[in-house]
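Here's the structure we're looking at; comments come further down.
Order of the sequence lines fixes the chain letters, A, B, ..., with proteins taken first and strands second; residue numbering starts at 1 for each chain.
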There are 2 protein chains.
Amino acid sequence: MSYTYEFPHPAVTVDIVVFTIENDDLKVLFIQRDQDPQEGEWALPGGFVDIDESLGHAAKRELKEETGASASFLEQLYTFGRPDRDPRERIITVAYFALIPSDQLSIAAGDDARDAKLYSTNELPALAFDHENILRIAMHRVKERLSDSVYAFQMLPKAFTMYELRRVYELFLGEVLDKRNFRKKIIALDQIEETGEKRESVRHRPARLYRVKSVNRVASPP
Amino acid sequence: MSYTYEFPHPAVTVDIVVFTIENDDLKVLFIQRDQDPQEGEWALPGGFVDIDESLGHAAKRELKEETGASASFLEQLYTFGRPDRDPRERIITVAYFALIPSDQLSIAAGDDARDAKLYSTNELPALAFDHENILRIAMHRVKERLSDSVYAFQMLPKAFTMYELRRVYELFLGEVLDKRNFRKKIIALDQIEETGEKRESVRHRPARLYRVKSVNRVASPP
DNA sequence: GCAAAAGTGTTGCTCATACACCCATGG
DNA sequence: CCATGGGTGTATGAGCAACACTTTTGC
């Protein structure tokens, strides 16, 4: 089967930057390519958009197929289209990013991927194509988002402590935040509430657990 | 001549939202379509991306070809890709927006366009495809940009008064701003300077003219 | 008892807002 | 002389940053 057009058409792909926090470290999900070009190199999960699916759908599907991960919320990041960004043919890629709690990330390399794993943002492998650039821009975008809303809870389990929430901010922003001021700011945003439970069995005073208020579960720019 | 691929490829277009201020009114540039589908309808200028040009280049080229307008600065807005957004075939469009001073806008319908003209955002024609949605999102983005930098001078001539600058904000934000506070805020941003000249021959006290400091001429997110 | 994180308030500063009057010019 | 926008300063309140000590648990 083949498809013919009167004018040349670029291929369109999606790439997804999945951020998660594991072992108190900010990590990103990559796959090891199983095919040329750049076979064996690490790259962002992604792939071709099917002709009758939406861009967001393609992003979720490719992420699932290649890594086993499910993203409930994706934000479109930017569209990269330099003519020379892929050696095969003209490929325009629509990049997305997601924040996923590590306890909801079940990773299993699939389709087109020899392997799939998380890398710390402090110890990145060499990346295929322009994916290092895409990642840089994604981190920048997340920083922006954090500064004007409670956005970080997407990376946390349903119940989380103030400390855990604060760590998300600290890892993205790359600076330490004052415990008291942080708590005040978050409470003022009025988007989370106490569960009444505490995080027990730790070798220090147990911390209160919080959850997202149900009103604030959805978010979808623009 | 025809082009054949193993898998179906979507077409990729760019669409450009050009904002300008004319007669103290916020306007957007539209073309009247000269071809099916939606012949005769008004639409955002735009068209197919050539196979070997960048997305930004395509946006500038299409804008020039269809309307005669030149944009020195474009920002990528968002990529729209619903499978049913165009009846012809699957078309994914990368939307851009530009702010252009009306004295630098020379409009002349070209290529694929029966007519090209500015419409006030208060009196929009019916628009083809999903262009009304694109426009709405573009206005939202410009509002965001205005609130954290001097961005508005892109819509003004090289020399402009505080009043003119303030009107740009007022027209986008849809509210009146305090003259004194506005001046203070803009001066604090330290991005413009007095030219030493005044806007003469007006039937009131002449206003000082300002220009953008040369350091601040460029801007290019992300 | 000690290590380790949880939890809590106050103060000063900066920034945004609200607000009213005289000035320079053209007609 | 009048209509029109140009230009100026101050006072108040909100929000943010800086800062240290006591509490609760596991080991």
Side-chain angles (χ1 to χ4, degrees), chain A residues 21 23-25 143-153 156-157 159-211, chain B residues 21 23-25 143-153 156-157 159-211:
Chain A
I21 288 178
N23 299 329
D24 201 46
D25 198 5
K143 281 191 195 183
E144 279 179 8
R145 289 281 175 267
L146 288 180
S147 62
D148 51 41
S149 77
V150 181
Y151 201 78
F153 55 69
L156 294 172
F160 50 86
T161 66
M162 274 287 170
Y163 176 77
E164 290 159 354
L165 185 60
R166 181 159 48 89
R167 281 302 287 159
V168 178
Y169 281 77
E170 291 181 342
L171 286 167
F172 272 102
L173 301 178
E175 58 186 315
V176 297
L177 301 176
D178 183 86
K179 201 160 54 158
R180 286 166 290 191
N181 294 337
F182 182 80
R183 180 182 292 269
K184 262 182 295 188
K185 192 156 92 180
I186 295 297
I187 297 294
L189 291 173
D190 195 34
Q191 289 179 51
I192 66 173
E193 60 192 2
E194 296 189 25
T195 65
E197 309 283 305
K198 295 189 173 184
R199 173 92 68 224
E200 311 268 359
S201 307
V202 284
R203 57 183 248 206
H204 55 78
R205 179 173 170 178
R208 295 179 200 157
L209 289 170
Y210 294 84
R211 72 167 82 89
Chain B
I21 288 178
N23 300 329
D24 200 46
D25 198 5
K143 282 190 194 184
E144 278 180 10
R145 290 280 174 267
L146 288 180
S147 61
D148 51 43
S149 77
V150 180
Y151 202 77
F153 54 69
L156 294 173
F160 51 86
T161 66
M162 274 288 170
Y163 176 78
E164 290 160 354
L165 185 60
R166 181 159 49 88
R167 282 302 289 159
V168 178
Y169 280 78
E170 290 181 343
L171 287 167
F172 272 103
L173 301 178
E175 58 186 314
V176 297
L177 301 176
D178 183 87
K179 201 160 56 157
R180 285 166 291 192
N181 294 338
F182 182 80
R183 180 183 292 269
K184 262 183 295 189
K185 191 156 92 180
I186 295 297
I187 297 293
L189 291 173
D190 194 35
Q191 288 179 51
I192 65 173
E193 61 192 2
E194 295 189 25
T195 66
E197 308 283 305
K198 294 188 174 186
R199 173 93 66 223
E200 310 268 0
S201 306
V202 284
R203 58 185 248 206
H204 55 77
R205 179 172 169 178
R208 297 179 198 157
L209 289 169
Y210 294 84
R211 71 167 83 89

- First locate atom CZ of B:Phe153, then atom CZ of B:Arg211, and finally report the distance between them rounded to the nearest 0.5 Å. 13.5 Å
- Query: Can you tell which of D:dA17, D:dA20, D:dG6 lies closest to the side chain of B:Arg166?
  - Reply: D:dG6
- Is any side-chain N or O of B:Arg208 closer than 4.0 Å to OP1 or OP2 of D:dT8? yes
- In terms of side-chain geometry, is the basic nitrogen of A:Glu164 or A:Arg167 positioned less than 4.0 Å from the acidic oxygen of its partner? no
- Message: Below the 4.0 Å mark, does D:dT4 have OP1 or OP2 next to a side-chain nitrogen or oxygen of B:Arg205?
- Response: no
- Message: I need the CG-C1' distance between B:Leu189 and C:dA16, as an integer number of Å.
- Response: 13 Å
- Item | Earlier contact from the 5' end, DNA chain C, for B:Lys184 and B:Arg203 | B:Lys184
- Message: At 4.0 Å (heavy atoms only), tell me whether B:Lys179 reaches a base, stays on the sugar-phosphate, or touches nothing.
- Response: base
- Nearest whole angstrom, please: distance from the P of C:dC21 to the CG of B:Asp178. 15 Å
- Message: Using modelled atom types and a 3.5 Å cut-off, is there a donor and acceptor pairing between side-chain atoms of A:Glu200 and backbone atoms of A:Pro206?
- Response: no
- Item | Selection from C:dA5, D:dT8, C:dT17 that lies nearest to any side-chain heavy atom of A:Tyr163 | C:dA5
- Message: Check this one for me: any side-chain N or O of B:Arg183 less than 4.0 Å away from OP1 or OP2 of D:dG7?
- Response: yes
